[in-house]
Amino acid sequence: MRVWAVLVTALAAVCAGQSFSTLQQLGKADRDGVVQLELEQFMAHVVPETKDYAVVVQLTALSAQYKCDTCHAIDKSVRAVSRGWRRQRASRRIAFATLDVDNGEELFRKMGIDKIPRLMIFPAGRGAEAMADASPREMKLGAKNSHPAGMAARLSELFGTEIRADEPIDYMRYVVGVVGVLAAAFVGRLAWRRVSASVVGRNVWAVTSITFVLVMTSGLMWNRINAPPFMGQTRTGDVVLFAPTNSQQYGVETQIVATAYAVCALCVVLLVRHVPRVPSGEQRALMALMVVAVLLLAHSYVNSVFRMKMPGYPFRLLLP
Amino acid sequence: MKVLGLSAVDQTRLLRICILGLISVVAIGSRLYSVLRFESVIHEFDPWFNYRTTKYLVQHGFEKFWNWFDESAWYPLGRVVGGTLYPGIMVTSAAIYNALHALNIPVDIRNVCVFLAPGFSALTAIATYQLGKEVKNETAGLLAAAFMGVAPGYISRSVAGSYDNEGIAIFLLVLTFWLWLRAVRVGSAMSAAVCALSYFYMVSAWGGYVFIINLVPLHVCVLLAMGRFSNRLYVAYSTFYALGTLASMQIPFVGFQPTFTSEHMAALGAFGLIQVVAAAYYVRARVTAVQFRAFVGCAVVLVAALGACVLVVLTMRGAVAPWTGRFYSLWDTAYAKVHIPIIASVSEHQPTAWPNFFFDLNVLIWLFPAGIYFSFRELSDNHVFLILYSVFAAYFAGVMVRLILTLTPIVCVLAGVAVANVFEAYLSRGSSGPGVAQVPRAAVIGAVLFLLCSFQWHSSWITSTAYSSPSVVLASRGPDGSHHIIDDFREAYYWLRRNTEPHERVLSWWDYGYQLAGMADRPTLVDNNTWNNTHIATVGRIMASDEDTAYELARRHDVDYVLVVFGAMLGYSGDDINKFLWMIRIAQGVYPNDVREQDFFNAAGEYAIGDTASKAMRESLLHKLCYYRFGEVMGAQAFDRVRKQRLPSSVSLHNFEEAYTTENWMVRIYRVKSLDNFGRSHHEAAKFDST
């Protein structure tokens, strides 16, 4: 922050041409009201602590060459907040601006800014809206502040006035939803007439329920909530299928384990329904032995993976 | 062949009774590991509250218990105990205690409480037998009972010493479901009334009754949608809903909730729907026109849709209370972490990874989908219920580890059905359809028996190693294999009990509240009930603030002693410094200007506790209370075994004085100093004393 102070004193000589209306004019050029700052504009209108309005600036790198996804995400949120603020037409003078690395590269380098995107607040230093501490500060971007609603809430707290973000209604989602429902109803109506309802209905429900139960008991919700990597990697780059501890799992584990369970259940069903129906006695015997072997192997496989994850587990079946 | 002079049918019956008896013995026996290894002591945290209230009930009688206001909990707010608990388990224990004493068998109430859950687990196995028998036949029933008796998913909450609501609630869950299926089959008001009675007992026992009151109406609605309306269903559900709801409202904790909360609206909706459908069928039986039937069909759909709309509107306007946080977080899994950190912080509420399922259910986990397949093949009313139960229980178990408990009964039943099918296909001689030759038959049966045996070994091992720990007492093995018992918790609580005045208040994190009340018998500020988030946040703020702020806040709340749990010497990772982040988060939720989570991470972003710790961390009360004088023990090699970091070089503490530290430094008790006689701050007084 000492460097900001140096900047300010260096600029004390700059003609006090900063005014809120200049910024507003510049903001009109942007569709969301976010001022795209050049370096001189930044130094003249944003940095001086003697201004009587506040500016919220995002330091970002939006060009495609930088491949900064977080920058775009934060940019979206800032734009949403700026749109909402503009719509509110409040009398409080707060402007939203962007300083891209393309425009301010020198400044970034001098400041030693290497972590972007950053959200900086430059409060008003004099006038009715002045804040007690007019030095610039950073608003840390955490999980809560990155979304438009959270960012607006935090800014509201900071400025003491209500700022609401503009969350655009996603019309496409509604249209797609309605079209989808109509299409499903139409197809359903057609199918109802063609195929005997009960048989199709039952089989569809059976497959859906059994698949649902299989994936649920293989840890799908854990994956959805904790978003682990799909597969692991050792330091040498080899692929690791199973996380070595009991309290963690990779995305691929759910699929492997669900398949193993499905194989076991299928073997049981085959044993009960299909093996006794095989006409030839020898074939029947062979099939029974094969199905039993597959069943024991599949269960032993899951058991051995479990053993690997739970050190101290003493039971071993067919596989180590 | 006549054995004991009995006919074949009677022989089978005797065999079945013997098998059930053996299952009960195994079920009870496999839950006794902790009593044999340690002693007959109540485990964990929540059971201590149940134990304390049971003791109160037995000493003072039902009237006083029902109207009990406890001033020593949640000081200074107090807690209306009679109206904020589920009295089922206490009343059951007290009834057993009184019955035994009436027979002049002087059993201590503690032993009744410790052994209640294993006793009820035997009853659960028998209830599962009945459920399996209802669904398929006695073979499936016996297999289901055998699975239920030893399944680790159920054992985890019903070992001897785990005196918690789930101990009897799972028995009542299975019983209610069996009685419901029976009521739908028999279709009489009497059978439905018995089911409602069992439901009432369940409501008095556990908050999970919400599962029943949503699953049964769902079953009814799905049957109606499948076109399986019948008078039996109508009589069964109407009687069950009317009697069950009225009975459930007798429990003060439930009160009038069935009339206005979202969790109970499904039952009300199904009740209305079935009345409408019954009316439609009644009219249809008397009018022959096909068009009239179509008209009535549309009317039913319209009324149902209208009812749903009205419900949605009422919920949005606030007349119907929305889903409470605990249940809502099951649907919106991100909700709790952002809005109710207390719910998110409990380790039992985390989602379930696949090893947990395999750990708790082993072989049954893949027999379960096979059982669902067989249910779909037959698809009677009972099977529809089983399928619905499976799907919803699987989802909830996937979202929250703790709910594997509600999944276990249905897994056992359906696994029993699957294995019964295998036995029928391969064991029956001369059955209709092509038989199977000897060798493959022996192979299949042998393989199935091997898998069942491996399930039993697995369950016994899991029970013995994972679920038989009292948590109050810890055990470790020395390098030569000798047992070393760590009894620090009880040592600290008994020190408090013997060395402090009965009215002196103890501040600790909410985990230890019930244990403090049960063993130390002292007033506490917050406990495991966690009903007042602001009070808990205040305690978190005291722990996270610097010494002077904490002192002022503690004095404002009349705190006399502060208790912290510290595992650095032993390597006990469940201590307060590891929980500190949750304390901070909860405090930040209520006091965002005073406590900020980022302040407790050092400049490099690490959670450091030594000399590189951030200022807020170094000055926080919890850090000081935990590490005060700890360096003296370890000397030059001062090292925190849990965080694996070097200790801070110096810790100063002036406003609190050390009262007691247990043998392994696990529990540390500090006294809040009273004001200085000369009006100085304690820092000045210390400076004067040291010159």
Side-chain angles (χ1 to χ4, degrees), chain A residues 140 142 144 157 202-203 205-206 209-210 212-214 216-222 224-226 246-249 253-254 257 260-266 268-269 271-273 275-279 281 284-289 291-292 295-296 298-299 302-303 306 309-310 312-315 317, chain B residues 226 333-334 338 350-359 361-363 365-374 376-377 379 387 390-391 394-395 397-400 407 411 418-419 421-422 424-426 433-437 439-441 443-444 446-448 450-451 454 457-458 461 465 592 598:
Chain A
K140 283 215 167 65
K144 268 201 208 167
E157 258 179 57
R202 182 196 292 209
N203 284 347
W205 284 110
S209 318
I210 294 179
F212 181 77
V213 164
L214 278 171
M216 280 295 145
T217 55
S218 307
L220 182 76
M221 288 315 289
W222 194 97
R224 295 217 31 180
I225 293 173
N226 291 315
N246 176 340
S247 50
Q248 258 210 334
Q249 62 181 39
E253 288 185 42
T254 303
V257 168
Y261 290 161
V263 164
C264 294
L266 191 64
V268 171
V269 170
L271 279 177
V272 171
R273 291 195 49 77
V275 168
R277 303 238 170 97
V278 172
R284 214 182 299 139
L286 193 62
M287 241 200 112
L289 289 172
V291 171
V292 164
L295 174 65
L296 287 177
H299 180 67
V302 178
N303 193 63
F306 182 70
K309 284 187 159 242
M310 254 205 80
Y313 185 69
F315 299 114
L317 297 178
Chain B
M226 289 168 77
T333 47
V338 177
Q350 304 308 316
T352 323
W354 77 263
N356 285 337
F357 280 108
F358 194 78
F359 189 83
L361 295 168
N362 201 259
V363 171
I365 198 68
W366 49 259
L367 283 172
F368 178 44
I372 300 182
Y373 171 83
F374 290 122
F376 265 105
R377 285 219 62 81
L379 214 58
I387 293 164
S390 316
V391 167
Y395 172 71
V399 174
M400 208 185 261
L407 180 67
V411 166
V419 178
N421 271 307
V422 174
E424 267 174 21
Y426 287 87
V436 186
V439 168
R441 192 184 283 195
V444 169
V448 170
F450 171 67
L451 287 171
S454 79
W457 296 327
H458 169 93
W461 187 85
T465 48
Q598 302 134 248

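Note that this is a predicted model, so its numbers are computed, not measured.
- For a residue to count as touching a neighbouring chain, one of its non-hydrogen atoms must lie under 4.5 Å from one of that chain's; by this rule T352(B) touches chain A with the backbone only.
- The backbone N or O of P355(B) lies less than 3.5 Å from no partner atom in the side chain of N246(A), so there is not a single donor-acceptor pair.
- In this structure a side-chain-to-backbone donor-acceptor pair under 3.5 Å is missing from Y261(A) to F368(B).
- A heavy-atom distance below 4.5 Å is found between the side chains of C264(A) and L295(A).
- Most heavy-atom pairs under 4.5 Å with chain B: of the set F306(A), F315(A), Y313(A), this distinction falls to F306(A).
- Within the 4.5 Å cutoff, the side chain of L367(B) has no heavy atoms near those of the L451(B) side chain.
- Looking only at side-chain heavy atoms (C-beta outward), S218(A) and F357(B) stay at 4.5 Å or farther from each other.
- Both the backbone and the side chain of F376(B) have a heavy atom closer than 4.5 Å to some heavy atom of chain A.
- Chain B forms the most heavy-atom pairs under 4.5 Å with one residue out of R273(A), K309(A), M310(A), and that residue is R273(A).
- With hydrogens and angles ignored, the 3.5 Å screen pairs a side-chain donor or acceptor of H458(B) with a backbone N or O of F359(B).
- In this structure, chain A has no heavy atom under 4.5 Å from any part of A397(B).
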Report the C-alpha separation of W222(A) and Q249(A) in whole Å, then their side-chain angles, then the decisive distance to 0.1 Å, and conclude whether the side chain to side chain donor-acceptor pair (under 3.5 Å) test is met. CA-CA 8 Å; W222(A) 194 97; Q249(A) 62 181 39; 5.9 Å; no

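- By number of non-hydrogen pairs under 4.5 angstrom with chain B, the leading residue of G219(A), A206(A), A298(A) is A206(A).
- With a 4.5 Å cut-off on non-hydrogen atoms, L214(A) touches chain B through its side chain but not through its backbone.
- In this structure, chain A has heavy atoms under 4.5 Å from both the backbone and the side chain of V363(B).
- With a threshold of 4.5 angstrom between heavy atoms, L361(B) does not approach chain A through any atom at all.
- At a 4.5 Å heavy-atom cutoff, L266(A) makes no contact with chain B through either its backbone or its side chain.
- Contacts with chain B were tallied for V292(A), V291(A), N303(A), V257(A); V257(A) has the most, counting heavy-atom pairs under 4.5 Å.
- Looking only at distances, a side-chain donor or acceptor of R202(A) sits under 3.5 Å from a matching main-chain atom of R377(B).
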